Amino acid sequence: MKEELATRYEPSTFEQRIYAAWEEGGYFTPVVDRDRPKFSIVIPPPNVTGRLHIGHALVNTLQDIIARWKRMSGFNTLWLPGTDHAGIATQMVVERKLAEQGISRFELGREKFVEKIWEWKEQHSTEIKDQLTRLGASCDWTRERFTLDEGLSRAVRYVFVKLYEDGLIYRGIAMVNWCPRCRTAISDIEVEFRERNGKLYHVDYPVEGTDRKFTVATTRPETMLGDTAVAVHPDDERYKDLIGKYAILPVANRRIPIIGDAILVDPTFGTGVVKVTPSHDKNDYETGKRHDLPQLQVIGEDGRMTDAAGAEFAGLDRFDARKKIVEMLREQGFLVKVEDHLHNIGVHGKCDTDIEPMVSRQWFVKIEPLAQPAIEAVRSGAVQIVPQAWEATYYNWMENIHDWTISRQLWWGHRIPAFHCPNGHTSVSMEDLAHCPECGAAVAQETDVLDTWFSSGLWPFSTLGWQGAGHDKTPELDVFYPTDTLITGFDILFFWVARMIMFGLRFTGKAPFSQVFLNGLVRDEKGDKMSKSKGNVIDPLDVVNEVGADALRFTLAIATSGRDIPLGKSRIAGYSAFVNKIWNASRFALMHIDVELKNAGPIDRDNLRTVERWILSRINSATAEVNKQLSLFRFDEASGALYKFFWHEFCDWYIEMAKPVLLGRHGSDKDRALAKRVLLEIVDRSLRLLHPFMPFVTEEIWQKLGGVEPSIMIAPYPISEEVLDDPEAERLMNAVKAIITTVRNVRAERGFTPKDRFKLYIRVSEPRDANFFRDNAYVLIELARLTEVSVEGQEPEGAHHDIVEGFPIAIEFPEKQVSQEQLDRVRREIEKSVKELESLDVKLANEQFVRNAPPQIVAGAQARQAELRARLEKLQQNQ
RNA sequence: GCGGGGUUAGCUCAGCGGUAGAGCGUCUCCUUUACACGGAGAGGGUCGGGGGUUCGAUCCCCUCACCCCGCACCA
């Protein structure tokens with residue numbers, strides 16, 4: 001064959017071509033066959049809001065590694081891709097874009113606006129697919145799904161209706177988190193807390209009919225316009241006589257009752273008096289219900305003051321109103337003092353707007369009955385969370401879970417299938433209604449849509465065709481559900497993972513996956529979060545264009561231990577050097593390999609030299625390691641094992657050791673043929689092992705090897721074979737490597753150059769070891785640059801003496817040329833050995849140790865003691 | 001406040017009961033026909049502090065300090 005690789009590694013010349021060939025080959029699409037072992041995984045659907053960032057690159061790389069590994073390991077593998085409509089997020093970006101043209105969504109109207117979003121969606125889901133393609137993601141694009149697809153929407157509707165019928169969805173009035181910017185309710189977990197420097201305002205409230213007054217403290221003085229009571233602790237001696245009387249609300253000049261409430265008021269905190277604003281504070285809302293207080297809404301849905309706030313304030317933005325009321329309080333003498341106050345403000349995570357607690361009518365999921373089985377699923381091990389530390393977080397949240405606000409006052413999303421009639425009846429239905437089933441009046445559909453996460457919670461089964469009773473047995477569900485592994489960021493453990501488990505158990509009777517791997521956050525090299533404002537963002541596509549997808553993927557994999565991932569350009573550069581190394585080592589191999597893989601035949605193991613037996617043993621050990629670590633989601637260990645094997649064992653040692661034979665400087669034709677066969681074997685296995693991590697470069701090279709399969713991605717993944725393990729070859733080659741290192745080391749320290757050659761003496765006691773060193777003397781001679789190797793004679797005096805891996809050696813130098821540096825080094829070496837020997841002596845003299853420690857530890861210590869004694873003696877000759 | 005995680009070489013991190021590891025960076029030497037995105041070698045750590053358990057602790061337990069991240073928050 002002799003098809004050569006390009007001299008330089010240039011990923012841009014082949015990556016896209018290769019992806020197209022995979023897609024054309026249909027390798028991403030599994031067969032729908034329940035008799036084959038399957039592996040299925042669903043993508044965490046990216047939002048259609050925009051481009052993929054480095055976090056997406058990470059999670060999709062990890063999924064692809066697992067998918068490709070499983071596929072090559074013989075599993076009928078489905079990786080199902082798709083995107084999420086991402087209600088608020090998408091509506092926000094489109095609104096912002098329209099705002100640039102001076103258009104508001106209200107001008108357009110609901111229908112037109114939603115049309116605009118669909119246009120946006122079409123454009124971006126194509127872009128997302130392109131990006132995943134550039135990354136090498138082996139997704140089955142024939143099964144791409146979108147959360148607003150017809151089938152998925154039917155699934156959403158079914159789940160809503162069923163939960164309503166089961167009494168687990170209800171509509172009611174409650175205090176919810178309101179985002180005045182997005183003008184919608186949001187759920188508790190969408191609120192993020194930001195630490196902020198604020199002010200604590202102390203305000204006097206006079207008590208009616210007396211000259212007494214209370215001082216209350218508040219961070220939000222504008223809400224006092226909505227106060228409908230002042231509360232003290234019922235047992236507080238200072239104030240209990242005032243309960244039942246009235247206070248005069250400053251500025252508004254309203255009478256408000258003074259109430260006693262033991263739950264709201266902590267008498268030891270502050271002044272022991274609390275203003276009560278039932279419409280704008282969660283605790284006050286509860287207090288209001290307890291005392292039957294009126295609600296006075298002074299802040300509207302748009303964050304502006306209402307008419308109820310008074311003519312002077314109506315229409316003012318809530319923050320402007322704050323300034324104004326503070327000014328008025330000051331002028332009228334009610335403002336006692338203003339203090340700096342550090343506190344946490346709840347903001348809407350999507351837009352950073354301060355949340356306004358707001359009483360409104362919303363839809364909720366009664367969550368506890370769903371949470372209980374989901375807790376049990378993790379506790380029983382039906383769902384395993386990796387790293388396991390996240391389980392505690394999961395339980396903590398699930399056990400203290402609150403009802404889920406699922407209605408959103410948005411236009412983009414699944415419209416709630418409820419129908420209201422003028423007579424106050426509400427009907428929930430799978431099919432659209434025109435008339436009220438109770439009274440026959442015309443109905444109008446609920447205008448609210450569902451929280452995005454309501455539909456993503458169904459993703460693992462809705463994407464496989466599930467639509468509820470009567471539509472819950474598609475062939476795809478039968479074969480691929482439940483899925484096996486879920487890989488996603490820990491930040492959506494509650495938003496998404498927990499909800500999928502709850503919905504999956506409730507509606508399919510099965511947990512939607514058996515393992516969850518939660519990956520960390522990608523940070524910059526200093527450990528800071530990546531953000532546009534900091535300017536430390538790495539765009540995955542830029543990296544792919546610069547160094548190729550394989551280098552990016554490998555870097556992400558080797559950085560993934562389960563915690564946060566520090567990623568810098570220099571780190572990526574380091575691993576792009578590794579890809580380059582693979583390219584060049586393969587080029588070297590291809591220069592010598594002269595038979596195609598499919599014609600190569602089995603390796604003649606009986607006639608292999610130790611060097612070849614050694615490298616086969618090493619790759620076998622790396623193979624076992626990679627398979628094991630991947631099954632544990634230790635992407636760092638798996639990729640690290642390959643890095644170490646390929647670079648530091650195969651390239652640094654094996655190729656150099658094989659060169660004399662391959663280049664015809666040593667050995668017979670038969671030796672050469674065997675070396676070539678093993679070289680082919682190692683390259684083939686290495687590429688297959690590496691393929692899940694670097695799909696493109698491995699395919700490009702592997703195509704030159706002439707394998708049976710049309711693509712490496714459907715070639716079998718190597719598994720370790722006991723027959724390849726060779727401890728004897730490892731023992732001998734370890735000695736050879738260590739001796740070579742020692743010679744190089746001593747050469748450098750004595751100031752010789754690599755051109756200077758010496759004679760090496762090795763003392764061997766076993767005849768077979770002597771034979772080994774005689775047969776492999778050429779390896780030592782070439783790699784350690786020696787004149788000759790003697791295994792017979794007595795070592796000369798004045799040479800450098802040492803014991804390496806149990807073999808006493810001596811290096812004969814042309815003349816005594818010992819530098820001070822060398823003498824110092826020998827002295828330090830001896831000191832170190834003496835110290836270690838002393839501690840071993842003490843240890844072995846300790847009866848407790850000998851009695852209690854495991855026998856193999858004691859034996860090891862004794863062996864080490866003997867070795868050190870012998871080595872010390874040798875080293876002392878060098879002084 | 002409650003829960004979780006962290007503190008190991010200049011940097012980023014593995015290891016987690018039996019002699020301190022990797023990558024990157026630093027220093028020295030080498031253009032040896034796969035690769036200078038290379039090769040060879042070197043230096044560098046009292047494993048956050050203090051107790052305890054153990055024959056033996058970076059690793060287990062307790063405690064303190066500092067740093068992250070959730071959750072809940074007192075007006």
Side-chain angles (χ1 to χ4, degrees), chain A residues 5 7-9 188-189 193 200 216-220 231 264-266 268-277 281 283-284 343-344 346 387 389-393 395-397 400 490-491 493-494 520-521 523 525-527 547 551 558-559 561-568 570-571 573-592 634 636-637 640 643-644 648 651-652 655-656 659 663 740-741 744-749 751-755 782-783 785 821 825 832 835-836 839-840 843 846-854 856-858 860-861 864 868:
Chain A
L5 283 176
T7 316
R8 287 186 43 183
Y9 165 61
D188 290 352
I189 43 174
F193 288 91
L200 191 60
V216 301
T218 178
T219 55
R220 301 195 57 196
L264 181 70
V265 184
D266 171 2
T268 65
F269 186 87
T271 56
V273 187
V274 184
K275 65 194 263 313
V276 185
T277 322
D281 180 277
N283 290 320
D284 293 3
H343 59 155
N344 287 324
W390 287 109
E391 283 182 8
T393 307
Y395 295 135
N396 196 286
W397 188 72
N400 299 291
F490 69 83
D491 51 326
L493 176 60
F494 306 141
L521 198 66
R523 296 171 177 276
E525 58 266 77
K526 291 195 288 274
V547 299
I558 207 163
S561 65
R563 281 212 280 278
D564 282 356
I565 294 151
L567 186 71
S570 67
R571 194 135 187 220
Y575 292 108
S576 74
F578 180 48
V579 188
N580 187 62
K581 186 81 180 175
I582 292 168
W583 184 265
N584 281 297
S586 302
R587 271 182 61 216
F588 172 82
L590 283 164
M591 286 173 190
H592 296 95
R634 287 302 301 259
D636 57 335
E637 295 287 350
Y643 180 96
K644 202 173 164 198
H648 298 304
C651 292
D652 288 351
I655 287 184
E656 295 310 318
K659 271 180 183 173
L663 300 172
I740 291 168
T741 301
R744 285 169 174 169
N745 175 337
V746 176
R747 166 188 280 116
E749 272 158 6
F752 291 104
T753 74
K755 292 192 180 82
E782 293 231 3
L783 271 67
R785 296 184 161 265
E821 194 189 349
R825 175 128 202 295
K832 223 176 101 190
K835 228 173 126 188
E836 195 190 334
S839 90
L840 270 174
K843 206 177 198 179
N846 182 347
E847 272 179 46
Q848 302 262 47
F849 171 72
V850 180
R851 188 149 22 92
N852 295 326
Q856 67 269 30
I857 295 296
V858 178
R864 180 72 185 152
L868 273 174

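Side chains are part of it too, since the values below use all heavy atoms of this structure and drop only hydrogens, waters and symmetry mates. So that the names make sense, note that chain A is the first sequence line, chain B the second, and so on, each numbered from 1. The shown structure was predicted, so the numbers you read here are calculated from the model rather than taken from an experiment.
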K.L.:
Specify the separation, in whole Å, of atom CD of A:Glu637 and atom C1' of B:C16.
P.N.:
13 Å
K.L.:
Is the backbone N or O of A:Ala559 less than 3.5 Å from a side-chain atom of A:Arg571, with the two atoms forming a donor-acceptor pair by type?
P.N.:
no
K.L.:
Sticking with atom C1', work out how far B:U58 lies from B:G18, rounded to a whole angstrom.
P.N.:
13 Å
K.L.:
Regarding A:Asn745, tell me which of base, sugar-phosphate or nothing describes its non-hydrogen contacts under 4.0 Å with the strands shown.
P.N.:
sugar-phosphate
K.L.:
Does A:Arg8, at its CZ atom, have more than 12 non-hydrogen atoms belonging to other residues, nucleotides or ligands within less than 6.0 Å?
P.N.:
no
K.L.:
Taking CG from A:Asn396 and P from B:G5, how many angstroms apart are they, rounded to a whole number?
P.N.:
12 Å
K.L.:
Over how many whole Å does the gap from A:Asp266 atom CG to B:G1 atom P extend?
P.N.:
16 Å
K.L.:
Which value, in whole Å, describes the distance between the P atoms of nucleotides B:C66 and B:G39?
P.N.:
46 Å
K.L.:
Measure from the side-chain heavy atoms of A:Phe849 and tell me the nearest of B:G18, B:A75, B:G4.
P.N.:
B:G18
K.L.:
Is there side-chain contact between A:Glu656 and A:Lys659, with at least one heavy-atom pair below 4.5 Å?
P.N.:
yes
K.L.:
Between A:Ile857 (CD1) and B:C55 (C1'), how many Å, whole number?
P.N.:
12 Å
K.L.:
What interatomic distance, in whole Å, is found between P of B:A34 and the corresponding atom of B:A40?
P.N.:
15 Å
K.L.:
Give a yes/no on whether any side-chain N or O of A:Tyr575 is located under 4.0 angstrom from OP1 or OP2 of B:A22.
P.N.:
no
K.L.:
Calculate the interatomic distance between A:Lys832 atom NZ and B:A42 atom P; express it in whole Å.
P.N.:
11 Å
K.L.:
Short question: side chain of A:Asn396, backbone of A:Ala392 - any donor-acceptor pair under 3.5 Å?
P.N.:
no
K.L.:
Hey, does A:Asn283 reach any base, or is it just sugar-phosphate, or nothing, if we go heavy atoms under 4.0 Å?
P.N.:
sugar-phosphate
K.L.:
Parallel, tilted or perpendicular, judged at 30° and 60°: which one describes the rings of A:Phe578 and A:Tyr643?
P.N.:
tilted
K.L.:
Take atom P in B:U31 and the same atom in B:A36, then report the distance between them in whole Å.
P.N.:
15 Å
K.L.:
Nearest-Å distance, CG (A:Asp491) to C1' (B:C68)?
P.N.:
16 Å
K.L.:
For the backbone of A:Thr741 and the side chain of A:Asn745, can you confirm whether one donor and one acceptor N or O come within less than 3.5 Å of each other?
P.N.:
no
K.L.:
Starting from Watson-Crick (N1-N3 plus N6-O4 or O6-N4) and G-U wobble pairs under 3.5 Å, report the runs of at least three that RNA chain B belongs to.
P.N.:
B:1-7 with B:65-71, B:10-13 with B:21-24, B:26-30 with B:38-42, B:48-52 with B:60-64
K.L.:
Using the P atoms only, state how far B:C37 lies from B:G25, rounded to an integer number of Å.
P.N.:
12 Å
K.L.:
For A:Arg571 and for A:Glu836, locate the closest nucleotide of RNA chain B by heavy-atom distance; then report the residue assigned to the nucleotide nearer the 5' terminus.
P.N.:
A:Arg571
K.L.:
Between atom CH2 in A:Trp390 and atom P in B:G3, what is the gap in whole Å?
P.N.:
17 Å
K.L.:
Taking protein heavy atoms under 4.0 Å as touching, what does nucleotides 30-38 of chain B look like 5' to 3' if B marks base contact, S marks sugar-phosphate-only contact and - marks none?
P.N.:
--B-BB-BS
K.L.:
When the C1' atoms of B:C16 and B:C24 are compared, how many Å lie between them, rounded to an integer?
P.N.:
24 Å
K.L.:
Please work out if A:Asn852 contacts a base, only the sugar-phosphate, or nothing of the nucleic acid, heavy-atom cut-off 4.0 Å.
P.N.:
base
K.L.:
Using a 4.0 Å heavy-atom cut-off across all strands, classify A:Thr741 as base, sugar-phosphate, or nothing.
P.N.:
sugar-phosphate
K.L.:
Starting at CG of A:Leu493 and ending at C1' of B:C69, how long is that distance when rounded to a whole Å?
P.N.:
13 Å
K.L.:
Is the shortest side-chain N/O distance from A:His648 to OP1 or OP2 of B:G23 below 4.0 Å?
P.N.:
yes
K.L.:
So do A:Trp397 and A:Leu493 actually touch side chain to side chain, heavy atoms under 4.5 Å?
P.N.:
no
K.L.:
Under a 4.5 Å cut-off applied to non-hydrogen side-chain atoms, are A:Phe849 and A:Val858 in contact?
P.N.:
yes
K.L.:
Check this for me: A:Glu847, atom CD, are more than 12 non-hydrogen atoms of other residues, nucleotides or ligands nearer than 6.0 Å?
P.N.:
no
K.L.:
Start with the C-alpha distance between A:Phe494 and A:Thr393, add both sets of side-chain angles, then the distance that settles side-chain contact (heavy atoms from CB on, under 4.5 Å), and finish with yes or no.
P.N.:
CA-CA 10 Å; A:Phe494 306 141; A:Thr393 307; 3.7 Å; yes
K.L.:
At 4.0 Å (heavy atoms only), tell me whether A:Arg864 reaches a base, stays on the sugar-phosphate, or touches nothing.
P.N.:
base
K.L.:
Using atom C1' in both nucleotides, what's the gap between B:G23 and B:U19 to the nearest angstrom?
P.N.:
24 Å
K.L.:
Can you confirm whether A:Tyr575 sits close enough to A:Val547 that some side-chain heavy atom of one is under 4.5 Å from a side-chain heavy atom of the other?
P.N.:
no
K.L.:
What contact category does A:Leu521 fall into here, base, sugar-phosphate, or nothing, at under 4.0 angstrom with non-hydrogen atoms?
P.N.:
nothing
K.L.:
Taking the P atom in each of B:G15 and B:A22, what is the distance between them to the nearest angstrom?
P.N.:
15 Å
